[in-house]
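Worksheet for the structure shown next.
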Amino acid sequence: MPEPDALSSPYPLSRLPAPPTLAALADWAGARYGGRPALRFRSPDEPKGWQEVSYEQLRTLARGVARGLMGLGVAPGDRAAILAETRPEWTYAHLGVLTAGAVVVPVYPTAGDEEVVWVLGDSGATVVICEDAVQAAKVERLRDRLPGVRAVVLMSGAAEEGLALLELPGPAAESTLAVHGMPDSSTSTVPSDASDASDPCWTPTAGCAPGTSGTSTRTAISSSPDAART
């Protein structure tokens, strides 16, 4: 992924209003802060031991996770659980779930079987994002008690071990996608060139995830104009 200028920002900060909902946060932050560092974490692959992820990169990662979750059938209002220690992928998953219009259900990584069953079952989680194969095995062992769970996704681990968070295929082209993005270009001061028509996770209309406040609209994007809805 190309490294943007550390202080770059695609749009003048004074022309970018605050995000109306958390569903629009990743897009808003990417547009406002551009190449500035959003995350910094230790990495053995970096010469100085630290790796940075810019706001633009975080925006791209969140969109990718959102598309992948939509491909698994996650719809606005669905619950997606995260079972992991604190790590960069936790943030990618969190923002990706919100961008898809779904609700995050955090699960303590030290939770025992009964607690995992209660949290996932009571919340109605349909997808569980696990830190690694060990946590995924815990959920798989309990699947007969969790009929609502449709998929288990891994943050890390070999692809053959299961679905990988950052490698999930997006939804089919003919599917209608519930997406969220920046405020309506007809009423906001965001420049008219702010949209990215090639990205199915961008829309110039703000989305409102269930449980959030504010006046907003959920827009659907489809390959068929007849399928568009609000």
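Values reported hereafter were calculated over all heavy atoms of this structure, with side chains retained and with hydrogens, waters and symmetry mates removed.
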Indicate yes or no for a side-chain donor-acceptor contact from [X] to the backbone of [Y] under 3.5 Å, with no hydrogens or angles considered.
X	Y	result
Lys138	Ala111	yes
Gln57	Ser54	yes
Asp27	Gly30	no

Taking ring-ring contact (aromatic ring centres under 6.0 Å, His included) as the cut-off, I'd like each qualifying pair that reaches into residues 53-88, sequence neighbours left out, listed once.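 Every pair satisfying ring-ring contact (aromatic ring centres under 6.0 Å, His included) with a residue in residues 53-88: Tyr33-Tyr55.
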Nearest heavy atoms of [X] and [Y], plus distance in Å:
X	Y	result
Ala164	Val153	C-CG1, 4.0 Å
Ala18	Trp28	CA-NE1, 3.5 Å
Asp78	Gly73	OD2-O, 3.7 Å
Pro109	Leu83	CA-CD1, 3.7 Å
Leu165	Ala93	CD2-CB, 4.2 Å

Start with the C-alpha distance between Ile82 and Met155, add both sets of side-chain angles, then the distance that settles side chain to side chain contact (heavy atoms under 4.5 Å, CB included), and finish with yes or no. CA-CA 10 Å; Ile82 302 177; Met155 288 183 176; 3.6 Å; yes
By side chain to side chain donor-acceptor pair (under 3.5 Å), Arg150 pairs with (sequence neighbours left out) none
By side chain to side chain donor-acceptor pair (under 3.5 Å), which residues pair with Glu140, not counting sequence neighbours? Arg143
N/O donor-acceptor pairs under 3.5 Å from side chains in residues 115-122, not counting sequence neighbours:
none

Could you go step by step and tell me if Val127 and Leu69 meet the side chain to side chain contact (heavy atoms under 4.5 Å, CB included) rule? CA-CA 8 Å; Val127 171; Leu69 292 174; 4.2 Å; yes
Measuring from Thr99:OG1 to Arg59:CZ, what's the distance to the nearest 0.5 Å? 10.0 Å
Go through the structure and list residues passing salt bridge (Lys or Arg N to Asp or Glu O under 4.0 Å) with Arg87, not counting sequence neighbours. Glu89, Glu131
[X]-[Y] co-clustered via ILVMFWY side chain contacts under 4.5 Å:
X	Y	value
Val65	Trp90	yes
Leu22	Val74	yes
Val128	Val105	yes
Leu58	Val97	yes
Leu154	Val139	no

Return each pair, listed once, that meets side-chain hydrogen bond (donor to acceptor under 3.5 Å, both in side chains) where at least one residue sits in residues 100-114; pairs must be two or more places apart or across chains. Asp113-Arg141, Glu114-Arg145
Worked verdict on Val104 versus Leu98 for side chain to side chain contact (heavy atoms under 4.5 Å, CB included): CA-CA 7 Å; Val104 175; Leu98 296 179; 4.3 Å; yes
Stepwise side chain to side chain contact (heavy atoms under 4.5 Å, CB included) test for Thr91 and Leu61: CA-CA 10 Å; Thr91 301; Leu61 288 163; over 6 Å; no
